[in-house]
Number of protein chains: 2
Amino acid sequence: MTLKLRFIKAINRTRIKDIALKANVSIGTVDRVIHKRGEVSEATRDKILAIINEMEYQPNILASTLASKKTFSFALLFPEPISSESYWNKPMIGVRKAFQEIQQYGVNINIHLFKQTDTKTFKREAELILNNNPEGVVLAPFFSRESKEFIAELKKRDIPYVFIDSNIKDSDKLSYIGQDSFQSGTLAAKLLDYSIPENATILVLQFAKEKDNMNHLVQREKGFYEYFNSSSAKKELITLEITDPTDITCQTKITDLLKSNAGIKGIFVTNSQVYLLARLIEEANLSGIRVIGHDLINENIHFLKKGIIDFLICQRPEEQGYRSIITLFENLVLKKEVNNENYTSIDIITKENLDYYK
Amino acid sequence: MTLKLRFIKAINRTRIKDIALKANVSIGTVDRVIHKRGEVSEATRDKILAIINEMEYQPNILASTLASKKTFSFALLFPEPISSESYWNKPMIGVRKAFQEIQQYGVNINIHLFKQTDTKTFKREAELILNNNPEGVVLAPFFSRESKEFIAELKKRDIPYVFIDSNIKDSDKLSYIGQDSFQSGTLAAKLLDYSIPENATILVLQFAKEKDNMNHLVQREKGFYEYFNSSSAKKELITLEITDPTDITCQTKITDLLKSNAGIKGIFVTNSQVYLLARLIEEANLSGIRVIGHDLINENIHFLKKGIIDFLICQRPEEQGYRSIITLFENLVLKKEVNNENYTSIDIITKENLDYYK
DNA sequence: CTTAGTGTCGTGTACGAACACGGAAAAAGT
DNA sequence: ACTTTTTCCGTGTTCGTACACGACACTAAG
């Protein structure tokens, strides 16, 4: 049995000439119709359009971008990574990969970084971007108010923008690339619920220092509680907020709680700093506690392999970076329709499947 | 703060002319060197190569494929899907997506399907492929002996081939795209181990009728047992092989076992037909049993949503199909190096994160 | 010394689309 | 009726690369 996918190139090759011939006009005229450059009488335009339609003509993008000297400039507005191990390095990897693939098409990418603790740097970089007048923008709308000002200006200039990591509703965005934090919280809840005995206690740990994605943390927590509210699972929940996880008094506070309350069989850390907790557990030599946290960063991987962290819930930051650029590319260069919302998968990672998420 | 990714197009534009000028030769000569077409004296060739190297010249693939009238023909050799819901439809989706993206580059894809129950159809289709003399081949080496004959011939003709779904070791393949079945079994074991109380019993169900991926099933089972052998988990395991899951006597056999043995708190089905078991559980109105199976097919999704199936372990068949084609493309058209082994991630899917795996 | 053969290399055209330029025809102004 | 403006359309060149064709020099055979 043999199937074939229909192949266009050979047909496409002299397509425009064919159209011109059929319509009894010159190639230039067909050209003007395709590019909506006016300067064509309605009668001939309609005739040509009909023929184009009938022949199912599709332009050859290779030749098109080759001939048009037009170059596209994309701007990126990301938080500056705190360290070389930090979360925001990962989307950048995807961005670079995307760049490698599409630079042939004349796409240029300018990267702008702002400090997560300083709205002024955000404003300054946003203005720099506007000065460059790029064809498209990818931004992490970290500061809500400043982001809204920025996208208002982008909208005025008809520059499409893609949100990454967090979303702003009702904003005429081209697309949103990111994860559903609420569901990721619910998922964490289910895993913990399944993993520990009935009537055990769960500790929810909120490390609040790293302001990275504040909104996400809240959503995750909400999702987590929502699971236990709406299910029949009998678990007791304790919440603990640690403002400075590197502070020793805070650390002993956690250790003391764990030692004094033997009923705690599961711990949920709402952000990527679960490795700090894992370190405490290791030092205190505690066992029998299921630990779940977020993000595939090296410190976490270390404790996942050791078996101290049981589950990591991850988004795919590299893929998000990649997709954000590709989305702009598809819309602007290839002139395709793109999805308005693009949730990346919520991955569950354990020691066993870790190797296959790289 | 502003970073820039280096942008090549503007430089590339007149690159070849520059090289020709610097080497004091004609464009045609530079051309011959780049395409290794001989016909160039060693002295000039070395001189040109040095300059090319120094200038870090990279050809513009757009222009290249545009100019070369060469078309690439890829052949696919897949098992025929048993039904429209069957597993082997999914890689095809990815193949079609890849085709959409790369047909611009002059790539044509011929799809050949064989019957999973009939080695003769495999041989016949393999021969049809050889007659077409394609530039590259993607195959699922379903029948070991026949596959080896086939790839021996491909090797003789210097046609690169990519394995999908299962692998043949030491075969000079261009790449393998698929999952690690053993690890997926280990992962299933861990999830079940975590999800049920100590000292409970686990039932391993082997539906053997669908011969789909026999080797995979064995590997999965091995991985599953390996987990319990090497860990301190105290669980009793029962294995049951069902030759015909649609047969009523077999079905009652399962139901009776579950009813009589209340210690069974977890069930592992080694293939995608876990929905058959779920149906039985629903009909018998049993509860408190954790069920884990494989593959994101519609029937399984149905019971996952209902909460009867707790976990599905999935490979990404669409991505596998997509990647297999893209790998050939990158190697043959873009002349890139490609990975020799390409394990796709082993995803854990629950009711909670289901929506983000599409 | 001529001629055929071989090894080198330069020139010209093509791939499919984009767009500038300028010419012809039609419409508007004087 | 003649000029000017506007509308419409054909021609020619370009993008960066591939490759056919033929030119030229050099060697070996006659």
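Every value quoted in this text rests on a predicted model; they were computed, and no experiment measured them. Just so it is clear: chains get the letters A, B, ... in the order the sequence lines come, proteins before strands, and each one is counted from 1.
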Return the value, rounded to whole Å, for the distance between atom CD1 of A/I61 and atom C1' of D/dC15.
17 Å

Using the test side-chain hydrogen bond (donor to acceptor under 3.5 Å, both in side chains), find all partners of A/K123 that sit at least two apart in sequence or belong to another chain.
none

Not counting sequence neighbours, which residues clear side-chain hydrogen bond (donor to acceptor under 3.5 Å, both in side chains) with B/E330? List them please.
none

Check the distance between C/dA17's C1' and B/L66's CG and give it to me in whole angstrom.
8 Å

Could I get the full list of side-chain hydrogen bond (donor to acceptor under 3.5 Å, both in side chains) partners for B/S147, not counting sequence neighbours?
none

Report all interatomic pairs (protein N or O, nucleotide N or O of nucleotides 18-22 of chain D) with separations under 3.5 Å.
| residue | atom | partner | partner atom | Å |
| --- | --- | --- | --- | --- |
| D/dA18 | OP1 | B/H35 | NE2 | 2.6 |
| D/dA18 | OP1 | B/S64 | OG | 3.0 |
| D/dA18 | OP2 | B/H35 | ND1 | 3.4 |
| D/dA18 | OP2 | B/H35 | NE2 | 2.6 |
| D/dA18 | O5' | B/H35 | NE2 | 3.3 |

Using the side-chain hydrogen bond (donor to acceptor under 3.5 Å, both in side chains) criterion, which residues pair with A/S64? Sequence neighbours excluded.
none

Can you check whether B/T29 has a side-chain N or O nearer than 4.0 Å to OP1 or OP2 of C/dT8?
no

Using whole Å, what does the distance between atom C1' of nucleotide C/dT8 and atom CZ of B/R45 come to?
13 Å

Nearest-angstrom distance from the residue atom CD1 of B/I48 to P of C/dT8:
13 Å

Quick note, ring-ring contact (aromatic ring centres under 6.0 Å, His included) partners involving residues 21-47 of chain B, not counting sequence neighbours, are none

Verdict with supporting geometry, A/T344 and A/Q315, side-chain hydrogen bond (donor to acceptor under 3.5 Å, both in side chains)
CA-CA 7 Å; A/T344 48; A/Q315 39 186 333; 4.9 Å; no

Report yes if a side-chain nitrogen or oxygen of A/S41 is closer than 4.0 Å to either non-bridging phosphate oxygen (OP1 or OP2) of D/dT7; otherwise report no.
no

